[in-house]
Amino acid sequence: MSKSNTKLASRNKWMQRFISAPYVVWSIGFIVLPLLMIVFYGITTKDGRVTFDNLKMIFEPTNFSTLVLSVQLSLVSTLVCLLIAYPLALALRSLKLKSNGLVILMFMLPMWMNFLLRTIAWQNILEKNGVINMLLGAVGLPKLNIINTPAAIVLGMVYDFLPFMIIPIYNVLAKISDDVIQAAADLGANQFQILIRIIFPLSLPGVVSGLTMVFVPALTTFVISDILGGGKILLIGKVIEQKFKQGNDWNGGSGLSLVLMVFIFLCMAIVQKYDKDSEGSGVW
Amino acid sequence: MKKALFAGALLGVSLFLAGCGKKYANGEVVVYNWGEYINEEVIDMFEKEYDIKVVYDEFTENEDMYPIIKTGAVNYDVICPSDYMINRMIQEDMLYELNLDNIPNYKNIDKTYLQSAEEFDPGNKYSVPYCWGTLGILYNRTMVEEPVTSWSAIFDEHYSGNILMMDSVRDGMGIALKYLGYSMNTADENQLEEAKQLLVSQRPLVQGYFVDEVRNKMIGNEAAIGVIYSGEAIYTQRENSDLVYVVPDEGSNVWIDSWAIPKNAKNKENAEKWIDFMCRGDIALLNFEEITYSTPNTAAREMIKDEDIKNSTIAFPGRDILDRCESYRYLTTDVEAMYMKKWNEMKVSN
């Protein structure tokens, strides 16, 4: 009996490996190898000597101030996303929809359009003679001048990344059992106490993964700042792009990328801490 | 310039497509040109007349093309880089000398442009001009008090918030250098620092730094003054008749994109036939009508029917304007890095 069980288990193990093989090959070829190449370029010079100069480049005043600005803007965007997404996710939960499909669809639908196009649309909306200013002008209100300012970039980031905040939070909230909430009410907690002491702590994993999923792409974007910042606001992502393309300096670009990766690893560490019940690990 | 993302995909598709089709008696020629930079009819005509198969690929920036030629990832027979890139490729011994006996239509190329081309290709040994243009100011005559003639307009507080600057390191720094009376190819750090300071003082006045967007913003009356390439200017004037293009008195950049044959070409003779075909008057005219960038081809210019275009000082500026202009030269990696550093320091200034 036990013998056939182990046999079955090992067959399952092989099956799992077989099925996941394409993904493993993919991730080695397109995630692990490129990362190793970036590490290699990042810590060598053009003629192949090991150096830390590429990493130290982040402390050049220009590069450092772009990093600081990038962190500031992406923190603000992440916070704004959270403030919008959490109440929305709560409201969605209280709708008690039978299938999640509709909710997901509502937020995914705009994402099926290319995000470049949607960002360019914002450029047209916010422009000096754009849609908003035409409407404001028509009713005699003063014009709004946020295009080519940090505010426009934050707006673009929030708009583009908001779904990444809503969906993980909603997923966690939807899983919280009503029994837990009713039990809290039975024991005398008011609505506010239930929210702060029951729902919020239970939803933390969703919040944390939402924060990461917004913060990381916001930190590294250069397209949004290009389109909505009018080239006036230089972010670290753009500096890295320049190094690779115009500067043809792959070593410098990789070095700066490695520095940014520190932030990403920090975020992943935080998620790991909160996301304890992760599933499906240990296939290989 | 986000188009760069598609360049790779395009390359793959075109190489795949290259595998299909009929047999040609005289082999093939593999062409690498800028995107939307030819009249596609011309490619078919070449295939029919010479019985040579054309494999046609496109790039979006000189910097995208360079590593492919340098590493020999694809063996292109004929390429169309800009001036400073040709200069760099000559310095790095990446180009074949052309045999002009195989390019009889070379006689159609106006001596004026060959003379300008000598700045980056001394002796005109390696390249044949294909298209060219200038960098200048496009202004809206209803939004300025007097006609713009000087770069000073884009540093004028009076037009604060109404200026569109070029978001390109060489062009941006080049304009400031030229306004200060220096060469656009200077390697002197003090001059670059001075140019940077000028650009720092300009930054608060600028609505934004753009490249391709200048065209539509000027047509849409979003700004009074914009820096733009002459090739775009004719198009903008068709859309908005208030727009005027001018090459400022201090001088500016003249750029030339030219055909050249890389050392790793496999079909050098076919490549020369291609270049000769591009220099033929009727072919150059077909290309000019399609892409509206100025042609250095005198035979083609003779054949232009529209008198306004034929005598347009935007498409065909006189010698006096060209004498004020300078073409870019390749400045070695270190100097170009310094240009970028100064430009970025300006971008993060307050």
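We use all heavy atoms of the structure for the numbers below, so side chains are in, but hydrogens, waters and symmetry mates are not.
Side-chain atoms of B:Lys347 never come within 3.5 Å of backbone atoms of A:Thr62 as a donor-acceptor pair (strictly under, hydrogens ignored).
Open room surrounds CD on B:Glu189; 12 or fewer heavy atoms of other groups in view lie less than 6.0 Å from it. Sparse packing is recorded around CH2 of A:Trp250, with 12 or fewer heavy atoms of other residues, nucleotides or ligands lying under 6.0 Å away. The environment of B:Met143 atom CE is dense: over 12 non-hydrogen atoms of other residues, nucleotides or ligands sit within 6.0 angstrom.
With a threshold of 4.5 angstrom between heavy atoms, B:Asn344 approaches chain A through its backbone and through its side chain. Using a 4.5 Å cut-off between heavy atoms, B:Tyr66 contacts chain A through its side chain alone, with no backbone atom that close. Interface residue B:Glu345: backbone and side-chain heavy atoms are both found under 4.5 Å from chain A.
Contact count versus chain A (heavy atoms, under 4.5 Å) is highest, among B:Met165, B:Lys217, B:Glu213, for B:Lys217.
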- Report the C-alpha separation of A:Leu234 and B:Trp343 in whole Å, then their side-chain angles, then the decisive distance to 0.1 Å, and conclude whether the side chain to side chain contact (heavy atoms under 4.5 Å, CB included) test is met. CA-CA 11 Å; A:Leu234 193 62; B:Trp343 180 254; over 6 Å; no

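Here the NZ atom belonging to A:Lys238 is positioned 6.0 Å from the CG atom belonging to B:Asp167, to the nearest 0.5 angstrom. Between the CD1 atom of A:Ile233 and the OH atom of B:Tyr209 there is a distance of 11.0 Å, given to the nearest 0.5 Å.
In terms of heavy-atom proximity, A:Glu60 sits nearest to B:Lys341 at OE1-CE, 4.2 Å. For A:Lys232 against B:Arg203, the heavy-atom pair with the smallest separation is O-NH2, 2.5 Å.
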